[in-house]
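Below is the structure I would like to discuss, written out as structure tokens.
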Amino acid sequence: MKEIKKIIIEKALNSELDYHLEEESASNSRNGYSSKTIQTEAGKIELSTPRDRNSSFEPLIVKKGQRKVSILDDQILALYARGMSRRDIVSTFEEIYGVEVSPALISRVTENVMASILEWQNRPLDPVYPIIFLDCIVIKVNQDKRVINKSVYLALAINMEGKKELFGMWISDNEGSKFWMQVLTEIQTRGVKDIYIASVDGLKGFPEAINTVFPKTKIQLCIVHMVRNSLKYVSCKDYKAVTADLKNIYKSVTAEEAYMELDRFADKWDNKYPTISRMWKNNWENISTLFAYPDEIRRVIYTTNAIESLNSVIRKAVNNKKIFPDDQAAFKAVFLAIKQASKKWTVPIRNWKPALNRFEMEYGN
């Protein structure tokens, strides 16, 4: 590992200097090498650092004065997070740096991630979260010499600062409300005492599972899921009209107005699509939650887009893998994809301050 890192870093430094000299044209040139010792995960490495005559070269890969470097591990983990297989990563290093990295080395670097996962998955959580989104994605895993579908459960919250925070991830053979109850119980034992609103899809028994663990939590069924499920029954020629009439329901100002729009929808479409109005009326208690809040909160809770965007990052990584050899490999890939996505979770969601003020008015302490 030390030898591979030495080759990679020195090649990168020389490439950086070549680029720097091209930028400075004929006014500068190489001026030999200086020796530098850096600390890596593999131990101390003696580097031959290239110099220029003007002393204007400022390397980026190992900055002046920098003594600790984790370039190889960081690159391996970044490529793995983007869904590349071990052999793909081996090929990439050979093409870019001209060095051969064994698949065993890739495995050893990614194995170290498991300790981070366990620490992250068991960290204490805040007592109160205004909003939580619950969803799962399906992956393919090799088990007992056959490929089976497994569900990765994800719990994404908006914390009091208005920033996204993923509680954890869990793997089970299939999605069900009973397993969700286990997930929520674990979240509770990690310190969460209350959640104001849970935004979920239409899984049967989901609201009951949430309220068993968090009795005061209000449920908001994802409107986008409701519309999608409704359009399954609609012929292509009626798509636009049905979509527009459904929009009149969830864009209403009050719950009363929305229910009147639902009655109008039923009068207009029940002869052709009776299932749609029945589905909305059966779930009305958990659809109408959003009407108790102003626009700034409605825009956040009426759809599970916040977690859907995370899912798309994860799917991109897992689709490249196709099939995972075991649950642990799946865990590593999903965790690293989440780590990549969470780099963007540094600022509060839009309109968070007015939303928080409304929550404070309604829930007090």
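Note that the numbering runs from 1 along the sequence shown for the chain. In this text the structure is predicted, and so the values were computed from the model without any measurement.
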Please step through side chain to side chain contact (heavy atoms under 4.5 Å, CB included) for the pair Leu156 and Phe167, ending with a clear verdict.
CA-CA 6 Å; Leu156 178 71; Phe167 287 166; over 6 Å; no
Under 3.5 Å: donor-acceptor pair, side chain of Asp194, backbone of Lys216
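Here the side-chain-to-backbone pair does not exist.
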Salt bridge present between Asp270 and Arg278 (N-O < 4.0 angstrom)
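Arg278 and Asp270: not salt-bridged.
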For the student: nearest non-hydrogen atoms of Arg358 and Pro294, plus distance
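Smallest heavy-atom distance, with atoms named: NH1-CD, 3.4 Å.
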Using modelled atom types only, decide if a donor and an acceptor are shared between the side chain of Gln121 and the backbone of Met169 within a distance under 3.5 Å.
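Yes; at least one donor-acceptor contact below 3.5 Å.
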Regarding Gln188 and Lys193, do their side chains bring together a donor and an acceptor under 3.5 Å, going by distance alone?
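No, no side-chain donor-acceptor pair sits under 3.5 Å.
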With the side chain counted from C-beta on, respond yes when Thr37 and Leu47 share a heavy-atom pair under 4.5 Å apart, and no when they do not.
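Counting from C-beta outward, Thr37 and Leu47 never come under 4.5 Å.
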Counting only heavy atoms not in Lys140 (residues, nucleotides, ligands), do more than 12 fall under 6.0 Å from its NZ?
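Atom NZ in Lys140 is not crowded, with 12 or fewer foreign heavy atoms closer than 6.0 Å.
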Please find the pair of heavy atoms, one from Met160 and one from Tyr196, that lie closest to each other, and give the distance.
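Nearest pair, atom of Met160 first, then Tyr196: CE-OH, 3.6 Å.
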Can a donor-acceptor pair be found, under 3.5 Å and without considering hydrogens, that links the side chain of Gln220 to the backbone of Leu290?
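At least one qualifying donor-acceptor pair exists.
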Would you check if the side chain of Glu10 reaches a backbone N or O of Ser48 as a donor-acceptor pair within less than 3.5 Å?
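Flag set: sc Glu10 to bb Ser48 pair under 3.5 Å.
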Any side-chain heavy atom of Glu16 sitting closer than 4.5 Å to one from Pro59?
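Yes, at least one pair of side-chain atoms sits under 4.5 Å.
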Minimum-distance pair of heavy atoms, taken over all atoms of Trp345 and Leu166
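Scanning both residues, the minimum pair turns out to be CZ3-N, 4.0 Å.
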Donor-acceptor contact present, side-chain Asn54 to main-chain Ser27, <3.5 Å
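Answer holds: yes.
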Answer yes or no: is there a donor N or O on one side and an acceptor on the other, between the side chain of Asp126 and the main chain of Val128, under 3.5 Å?
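Judged by distance alone, no pair lies under 3.5 Å.
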List for me each residue that meets salt bridge (Lys or Arg N to Asp or Glu O under 4.0 Å) alongside Asp52, sequence neighbours excluded, and say none if there are none.
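For Asp52 there are no salt bridge (Lys or Arg N to Asp or Glu O under 4.0 Å) partners, ignoring immediate neighbours.
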Lys64 NZ: over 12 foreign heavy atoms closer than 6.0 Å
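Atom NZ in Lys64 is crowded, with more than 12 foreign heavy atoms closer than 6.0 Å.
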Angle between ring planes, Phe359 versus Trp352, binned at 30° and 60°: parallel, tilted or perpendicular?
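Ring orientation of Phe359 relative to Trp352: tilted.
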Between the main-chain N or O of Ala329 and the side-chain N or O of Asp326, is there a donor-acceptor pair closer than 3.5 Å?
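Here the side-chain-to-backbone pair exists.
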Where is the tightest heavy-atom contact between Ser230 and Met279, given as atom of each residue plus distance?
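For Ser230 versus Met279, the nearest heavy atoms are OG-CE, 3.2 Å.
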Let me see the working for Glu119 and Arg123 under salt bridge (Lys or Arg N to Asp or Glu O under 4.0 Å), right down to the final yes or no.
CA-CA 6 Å; Glu119 185 182 345; Arg123 75 194 187 282; over 6 Å; no
Determine whether Leu154 and Phe133 make a side-chain contact, defined as any pair of heavy atoms from C-beta on separated by less than 4.5 Å.
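With C-beta onward as the side chain, the pair stays apart.
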Pairing donors with acceptors under 3.5 angstrom, does anything connect the side chains of Asn14 and Tyr33?
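On atom types as modelled, these side chains qualify, holding a pair under 3.5 Å.
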Return yes if a side-chain donor-acceptor contact under 3.5 Å exists between Arg53 and Asn28, otherwise no.
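No, because no side-chain N or O of Arg53 sits under 3.5 Å from a partner of the opposite role on Asn28.
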Does any N or O in the side chain of Lys281 come within less than 3.5 Å of the main-chain N or O of Ile276, such that one atom is a donor and the other an acceptor?
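A pair under 3.5 Å: no.
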Ignoring hydrogens and angles, state whether a donor on the side chain of Ser151 or Trp170 is under 3.5 Å from an acceptor on the partner side chain.
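The answer is no; no qualifying pair exists.
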Does the side chain of Ser252 come under 3.5 Å of the side chain of Glu261 through a donor N or O and an acceptor N or O?
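On atom types as modelled, these side chains do not qualify, holding no pair under 3.5 Å.
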Restricting to non-hydrogen atoms, name the atom on Val234 and the atom on Tyr273 that form the minimum distance, rounded to 0.1 Å.
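That closest heavy-atom pairing would be CA-CE2, 3.8 Å.
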Please check: side-chain N/O of Thr289 versus main-chain N/O of Ile219, any donor-acceptor pairing under 3.5 Å?
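Judged by distance alone, yes, a pair lies under 3.5 Å.
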Are Asp245 and Trp269 packed together at the side-chain level, in the sense that at least one heavy-atom pair is separated by less than 4.5 angstrom?
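Answer yes - side chains close enough.
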Once the angle between the rings of Trp280 and Tyr250 is folded into 0 to 90°, is it parallel (under 30°), tilted (30 to 60°) or perpendicular (over 60°)?
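It falls in the parallel class, under 30°.
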Do Pro50 and Leu13 have side chains that get closer than 4.5 Å, going by heavy atoms?
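When only atoms from C-beta onward are counted, Leu13 and Pro50 do touch, with a gap below 4.5 Å.
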Nearest heavy-atom neighbours spanning Phe324 and Ala333:
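Between these two residues, the closest heavy atoms are CE2-CB, 3.5 Å.
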Residue pair Leu125, Ile187: steps toward the side chain to side chain contact (heavy atoms under 4.5 Å, CB included) verdict:
CA-CA 8 Å; Leu125 300 170; Ile187 289 169; 4.1 Å; yes
Would you call Lys251 and Glu257 a salt bridge, taking side-chain N to carboxylate O under 4.0 Å as the test?
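Answer for the salt bridge query: no.
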If only atom types and distance count, is the side chain of Asn159 paired as donor or acceptor with the main-chain N or O of Lys163 below 3.5 Å?
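Side chain of Asn159 to backbone of Lys163, a donor-acceptor pair under 3.5 Å: yes, one is there.
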Quick one: does Ile197's side chain get under 4.5 Å of Thr217's, heavy atoms only?
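The answer is no; the side chains never approach within 4.5 Å.
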Glu46 side chain near Ser35 side chain, heavy-atom distance below 4.5 Å:
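Answer yes - side chains close enough.
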